[in-house]
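Atoms within each ligand, like the ligands themselves, are counted from 1 in listed order. Nothing here was measured: the structure is a model prediction, and the numbers come from that model.
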Amino acid sequence: MRLEPIVAGNWKMHKTPSVGVYFVEETVNLLLDIKHVSVIFAPPFTGLIEMDVKPPFYVAAQNCHWEDHGAFTGEISVSMIRDCGSDYVILGHSERRHIFGESDEWINRKVDAVLSGALKPILCIGETLDQRESGQTQRILKTQLEQGLAGVDSIENILVAYEPVWAIGTGVTATTDQVEVAHAAVRNILRELFPGSDDVHVLYGGSVKPDNAEELIQVSGVNGFLIGGASLDVDSFTSIIRTVEKDQMRILC
Ligand code: PGA
């Protein structure tokens with residue numbers, strides 16, 4: 001049985017709180033009839049407290065610190081995020097790893113903090129172009145999963161997002177074959193680490209757009225999307241969600 005898909009929009013450093021609230025209202029109003037897709041909005045921290053949505057709509061933060069409180073200027077803890085009413089926290093996004101130098105060890109501490117705080121991590125993993133071209137994709141995915149999830153007892157409340165770094169924000173999408181191979185690898189690694197983990201969502205991210213969503217959602221092992229650029233526009237985001245909903249209805253019929 002195919003998992004019910006999840007589509008998450010990562011706004012990155014876009015949209016002020018008031019613009020974000022308006023965007024979410026518009027999007028939700030256009031999607032009142034969706035039944036088979038869960039939708040996650042990930043605004044910047046400043047927008048979290050303003051978000052007021054009900055299932056199947058959810059809210060994610062884009063990062064957190066692993067400590068609950070303390071002298072960590074500029075950081076935000078899981079309990080602060082939870083108090084804003086958020087449900088998920090994106091961790092290990094490639095921009096966090098590559099621009100801000102986050103290591104697998106840091107990401108692992110954050111995964112632990114998010115789970116301990118009763119929120120759900122969306123753990124992002126993915127190889128760079130150099131790593132792909134030198135045949136290291138599977139090794140990188142394995143390392144990022146092994147280290148990112150070290151010490152985790154149950155993967156039940158975790159989402160994984162496979163996001164090849166070279167496809168993020170570049171307009172270059174991985175081919176359906178590349179996505180299928182990578183998702184199969186991720187699934188196998190998860191099975192090794194957590195036997196019986198087949199109901200964990202593995203999302204695809206990297207230049208997902210309205211015109212490639214249909215072929216990507218049909219790739220075996222893709223349980224939804226993590227979307228950057230195309231999640232900032234109401235029309236393109238709702239169009240992708242509708243495509244995913246339609247595909248899920250096709251499967252269910
Ligand atoms: P993109 O970003 O859709 O703009 O490529 C994806 C992401 O960063 O999660």
Heavy-atom count check: over 12 atoms from other residues, nucleotides or ligands less than 6.0 Å from [X] [atom1]?
X: K12; atom1: NZ; value: yes
X: F72; atom1: CZ; value: yes
X: Q138; atom1: CD; value: no
X: E156; atom1: CD; value: no
X: E214; atom1: CD; value: no

Just which atoms of ligand 1 are under 4.0 Å from any heavy atom in [X]?
X: G206; result: 5 (O)
X: G169; result: 1 (P), 4 (O), 5 (O)
X: H93; result: 7 (C), 8 (O), 9 (O)
X: S207; result: 1 (P), 3 (O), 5 (O)
X: A167; result: 5 (O)
X: E163; result: 6 (C), 7 (C), 9 (O)

Indicate yes or no: does an N/O atom of [X] lie under 3.5 Å from an N/O atom of ligand 1?
X: E95; answer: no
X: K209; answer: no
X: K12; answer: yes
X: G229; answer: yes
X: G228; answer: yes

Nearest heavy-atom neighbours spanning W166 and E127: NE1-OE2, 2.9 Å

Matching residue for E102 among R97, R109, K110 - test: salt bridge (Lys or Arg N to Asp or Glu O under 4.0 Å):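 Testing E102 for a salt bridge (Lys or Arg N to Asp or Glu O under 4.0 Å) against R97, R109, K110 leaves exactly one candidate, K110.
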
S134 versus Q136, side-chain donor and acceptor atoms under 3.5 Å: yes

Test: R191 and D198 ion pair at under 4.0 Å: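 Between D198 and R191 there is a salt bridge, with a charged N closer than 4.0 Å to a carboxylate O.
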
Whether S94 lies under 4.0 Å from ligand 1, heavy atom: no

A230 heavy atom under 4.0 Å from ligand 1: no

